[in-house]
Amino acid sequence: MGRFIMSWPSLGLKVRCRSLDVNQDAFALFVENMPVRALQGHEMVGGWLLRDHSILFNQKLFTIPAAELTTEKMDAAPVGRISLLQPQLRGAELLVKYDKSVENREYVPIAQVEEADLEILKKAGKEQWKATSRTREIIFVEFEKEEA
């Protein structure tokens, strides 16, 4: 089972993430492109979702055909689900569900935040919501391979 760390250095927070039984090739491609750093965003109308618009595949292109990827609707996904939206060639959007969502579009699930770290994820989500809706603080998220 593959693993990586998602962190918000300015918040002093990090969570551990693991691969799923589905979309293992997509997970592997994401990890091969690490380290990844992105501007952390937040969904504005779909619910409690962290959203990163610019996840870049600079090391290895995302060439998995859409027909080979399993999808799920975000509203039905468990809290802690990490999914890609429209992954292709050099980039994708990445979403992380940290609480309830009404977003019913299809996403490509690639990972799950560890159960023990879900409260940390919720804290990061609430801090990003506060930054998005009130303080305008800029927060970055980083993804790196977990050391064995």
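Numbers here simply count residues along the sequence, with the first being 1.
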Which residues pass the side-chain contact (heavy atoms from CB on, under 4.5 Å) test with [X], not counting sequence neighbours?
{"X": "Thr135", "value": "Lys130, Ala131, Glu137"}
{"X": "Leu118", "value": "Val79, Val113, Glu115, Leu121"}
{"X": "Pro9", "value": "Ser7, Glu142"}

Of all the heavy-atom pairs spanning [X] and [Y], show the shortest one and how long it is.
{"X": "Ser10", "Y": "Ile139", "value": "OG-CG2, 4.0 Å"}
{"X": "Arg16", "Y": "Ala116", "value": "NH2-CB, 3.7 Å"}
{"X": "Arg18", "Y": "Phe27", "value": "C-CE1, 4.2 Å"}
{"X": "Ser83", "Y": "Pro109", "value": "OG-CA, 3.5 Å"}
{"X": "Leu84", "Y": "Ala92", "value": "CD2-CB, 4.3 Å"}
{"X": "Pro78", "Y": "Lys97", "value": "O-CD, 3.8 Å"}

Single-linkage hydrophobic cluster, 4.5 Å side-chain cutoff, [X] and [Y] together:
{"X": "Val108", "Y": "Leu94", "answer": "yes"}
{"X": "Val141", "Y": "Val96", "answer": "yes"}
{"X": "Val31", "Y": "Ile5", "answer": "no"}
{"X": "Tyr107", "Y": "Ile64", "answer": "no"}

Subject >> ring pair (Phe, Tyr, Trp, His ring centres under 6.0 Å) partners of Phe30, counting only residues at least two apart >> reply: Phe4, Phe143
**OP:** Could you go through the side-chain contact (heavy atoms from CB on, under 4.5 Å) check for Leu89 and Thr63 one step at a time?
**Re:** CA-CA 6 Å; Leu89 298 178; Thr63 57; 4.2 Å; yes
If a pair satisfies salt bridge (charged side-chain N to carboxylate O under 4.0 Å, His left out) and one of its residues is in [range], list it, with sequence neighbours excluded.
{"range": "residues 3-13", "result": "Arg3-Glu114, Arg3-Glu146"}
{"range": "residues 100-112", "result": "Glu103-Arg105"}
{"range": "residues 65-80", "result": "Glu72-Arg81"}

Subject >> Counterpart residues, salt bridge (Lys or Arg N to Asp or Glu O under 4.0 Å), relative to Lys145 (two or more places apart) >> reply: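 Once residues adjacent in sequence are excluded, Lys145 has no partner under the salt bridge (Lys or Arg N to Asp or Glu O under 4.0 Å) criterion.
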**OP:** With sequence neighbours excluded, tell me which residues meet side-chain hydrogen bond (donor to acceptor under 3.5 Å, both in side chains) with Thr132.
**Re:**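 With sequence neighbours excluded, Thr132 shows a side-chain hydrogen bond (donor to acceptor under 3.5 Å, both in side chains) to Gln128, given in chain and number order.
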Subject >> Spacing of Met6 atom CE and Cys17 atom SG [to the nearest 0.5 Å] >> reply: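 Here the interatomic distance stands at 4.0 Å.
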**OP:** Calculate, to the nearest 0.5 Å, the distance between atoms CD1 and CG belonging to Ile110 and Leu29 respectively.
**Re:**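 If I round to the nearest 0.5 Å, the distance is 9.5 Å.
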**OP:** Kindly give the cluster partners of Val22, where membership spreads through any ILVMFWY side chain lying under 4.5 Å from a current member.
**Re:**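 Under the 4.5 Å side-chain rule, Val22 groups with Leu20.
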Original post:
Which residue, His42, Lys126, Lys123, forms the side-chain hydrogen bond (donor to acceptor under 3.5 Å, both in side chains) with Tyr98?
Top reply: His42
Original post:
Could you give all pairs that pass the side chain to side chain donor-acceptor pair (under 3.5 Å) test and reach residues 22-35, with sequence neighbours left out?
Top reply: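 Sorted result for residues 22-35: empty, none.
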Between side-chain atoms of residues 45-62 and protein atoms elsewhere (two or more places apart, or another chain), which donor-acceptor pairs fall under 3.5 Å?
{"residue": "Arg51", "atom": "NE", "partner": "Glu93", "partner atom": "OE1", "Å": "2.7"}
{"residue": "Arg51", "atom": "NH1", "partner": "Glu43", "partner atom": "OE1", "Å": "2.2"}
{"residue": "Arg51", "atom": "NH2", "partner": "Glu93", "partner atom": "OE1", "Å": "2.9"}
{"residue": "Asp52", "atom": "OD1", "partner": "Gln40", "partner atom": "NE2", "Å": "2.8"}
{"residue": "His53", "atom": "ND1", "partner": "Glu93", "partner atom": "OE1", "Å": "3.4"}

